[in-house]
Amino acid sequence: MTTLHKVNTDDKINDEEINCLKEEIALLKNELNKKIGLLKIKQKKCLTNLDVSRYSRQIILPEIGIEGQRKLKTASVLIIGVGGLGCPSSMYLVSAGVGTIGLVDYDEVELNNLHRQLLHAQHNVGMRKVESGKLSLNRINEDVNIVVHDVQLDGHNSLDIFKQYDVIIDASDNLVTRYIINDTCVKAGKPLVSGSAIHCDGQLTVYNYKGSVCFRCLHPKPQSPETVGNCASAGVLGPVPGVIGVLQAMETIKIIIGHPNVLYNSLLLYDGGDCDFKKIKLINVKRNGCICTKNPEDITITMDYEEFCGSKANDKFKTLCLLNENERLTVLDLKKLVSEKQSFLIIDVRNKIEYDMCHLPHTINIQLNDLKNEETLTKLIEKINSFTNTKPNLVTICRRGNDSQRAVNELKKHSQITNKVNWIKDVIGGLHDWSMKIDKDFPIY
Amino acid sequence: MTKVTVIILFFAQARELAKLNKTTLQVPQTLFVHELRSILVEKYNLTTIGNIFILAVNEIYISDNLRITLQENDVLAVIPPISGG
């Protein structure tokens with residue numbers, strides 16, 4: 001009984017000691033965590049010796065110095081579009097030691113992106129662009145915090161994202177997104193480094209900076225996407241967005257460090273064909289009643305931007321429906337027609353460069369615009385008349401199945417043609433569908 | 001009406017529509033910018049981008065409601081917006 005009592009007393013003493021130690025450890029752990037947090041904050045705000053070594057080649061510039069590098073380290077930049085512009089701009093900003101980079105993109109890496117979008121490697125085809133981008137950027141600099149926003153930007157989600165960043169880079173590929181970005185920057189009071197590129201042409205300016213103009217001042221009316229074109233339909237030479245994207249990084253760095261000569265109230269034009277740069281002064285551009293003259297609280301950014309622009313917030317293909325169902329063939333119909341060796345004439349109405357890239361056998365190339373040309377029509381009619389025994393069928397085909405419909409409508413205007421053929425039909429989905437459903441080796445572009 | 005010869009530079013889509021990089025044209029010396037715009041649209045096949053390109057004289061933006069007086073060899077730039085990237 002006594003022994004038991006003794007044991008109990010010892011246990012009690014041990015328990016008390018253990019509890020005391022536990023409490024002490026908890027306090028110390030708490031203290032440690034606080035100090036780790038403090039160190040992280042200090043490290044984020046201050047430059048480490050490693051930082052100084054890493055960025056020494058730019059710190060040594062009078063424009064940057066220790067203070068400039070510290071500003072870069074504490075800065076955050078949002079890049080919308082991880083494509084031709086977003087890749088080079090993010091690479092330079094990450095390399096320069098900008099603390100946080102946000103990436104916005106809703107798309108996947110495609111094979112036809114690789115000629116200009118240098119963050120994405122061949123084995124990343126099919127991967128989310130933001131993920132592929134984050135991987136490559138952290139490979140360049142693991143100290144930079146890369147935040148991914150895998151969303152399609154719209155007037156409802158943009159403000160919450162933009163608020164988290166100091167500078168916004170428009171590296172998007174379509175007009176709708178450009179208006180959304182502009183309006184959100186105006187409302188959130190963020191400088192907007194805007195770049196664009198197509199063919200061999202590039203443009204660059206900084207909107208909404210120190211009272212400068214906004215995108216709407218310069219472009220109050222949206223242009224129709226058909227007239228201006230995008231990289232998918234009009235093409236772009238890789239170094240062109242490369243040049244503009246690198247310049248976007250440069251202007252962003254200048255904004256962060258407070259450089260006096262940021263490119264605002266000027267529009268830079270780059271003509272890659274002539275290797276020429278021009279700077280247009282944007283004087284007296286600001287319009288009364290423009291969104292940028294209003295109080296930020298009074299600005300609403302929830303309008304239907306796609307309706308306003310009459311186009312979609314992407315640079316993807318828009319399918320038209322101009323013909324009746326009975327005037328259209330599927331690629332399977334076309335395959336059958338060819339294999340049955342019926343008499344037919346297939347007119348590929350794409351331009352010559354595209355035709356030279358790839359075409360189906362037994363086709364002739366007449367560009368859509370040339371179908372209005374008398375001489376071309378005469379030659380076509382001769383060709384149709386050369387079918388002596390039977391009336392041929394006439395098939396038009398193009399890349400995706402829009403121009404081929406326009407071509408059918410153009411051909412139907414001429415009785416010398418309609419009288420000499422059984423029918424005129426186009427191919428739904430064009431060569432793209434042929435490649436997807438019939439011949440996987442046929443190039444998609 | 002006094003006329004002057006000006007140099008015209010075409011950018012991006014304007015270059016493709018006009019099928020020209022650069023040309024010269026005789027225009028009235030004093031006119032509204034929107035009148036100048038109409039002349040250029042008509043002469044260089046710019047209808048599809050007619051109301052969206054911006055115009056600059058000697059590398060300075062000019063808005064449609066301005067009345068301007070041009071000098072011999074002034075350089076006009078026809079600049080349509082680009083949205084690709």
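Convention: sequence-line order gives letters A, B, ...; per-chain numbering from 1. Values below: every heavy atom of this structure, side chains too, minus hydrogens, waters and symmetry copies.
Contact of the B:Glu16 side chain with the A:His199 side chain is registered, since non-hydrogen atoms from C-beta on lie closer than 4.5 Å. By the 4.5 Å heavy-atom criterion applied to side chains, B:Tyr61 and A:Leu218 are counted as neighbours.
When A:Asn174, A:Ile280, A:Leu269, A:Ile283 are compared by the number of non-hydrogen pairs under 4.5 Å with chain B, A:Ile280 comes out ahead. Each of A:Leu85, A:Val285, A:Ile244 has some count of heavy-atom pairs under 4.5 Å with chain B, and the biggest count is that of A:Val285. Comparing A:Ser172, A:Pro241, A:Gly81, A:Gly83 by heavy-atom pairs within less than 4.5 Å of chain B, the highest count is held by A:Ser172.
Residue contact with chain B, scored on non-hydrogen atoms closer than 4.5 Å, involves the backbone and the side chain of A:Leu282 alike. For B:Asn51, the parts sitting under 4.5 Å from any heavy atom of chain A are the backbone and the side chain alike. Looking at A:Lys279, only its backbone comes within 4.5 Å of chain B, counting heavy atoms on both sides.
Other residues, nucleotides and ligands place no more than 12 heavy atoms under 6.0 Å from the CE atom of A:Met250. No more than 12 heavy-atom neighbours from other residues, nucleotides or ligands sit within 6.0 angstrom of CG on A:Asn284. Residue-environment remark: CD (A:Gln152) exceeds the threshold of 12 foreign heavy atoms within 6.0 Å. Crowding of A:Glu307 atom CD: a count of heavy atoms from other residues, nucleotides or ligands under 6.0 Å not exceeding 12. Residue A:Tyr92 places its OH atom among 12 or fewer non-hydrogen atoms of other residues, nucleotides or ligands, all under 6.0 Å distant.
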Please determine whether side-chain contact (heavy atoms from CB on, under 4.5 Å) holds for the pair A:Lys278 and B:Phe11, giving the CA-CA distance in whole Å, both sets of side-chain angles, and the decisive distance to 0.1 Å. CA-CA 11 Å; A:Lys278 278 205 169 42; B:Phe11 290 88; 4.1 Å; yes
Using the rule given for side-chain contact (heavy atoms from CB on, under 4.5 Å), can you reason through A:Leu267 versus B:Ile54, listing the C-alpha separation, both sets of side-chain angles and the distance that settles it, and then say yes or no? CA-CA 11 Å; A:Leu267 172 68; B:Ile54 66 172; 3.8 Å; yes
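Taking each heavy atom of B:Ile52 and A:His219 in turn, the nearest pair found is O-ND1, 4.3 Å.
Interatomic distance, B:Arg15 CZ to A:Asp274 CG, rounded to the nearest 0.5 Å: 7.0 Å. Between atom CG of residue A:Asp271 and atom CG of residue B:Leu9 there is a gap of 9.5 Å, rounded to the nearest 0.5 Å.
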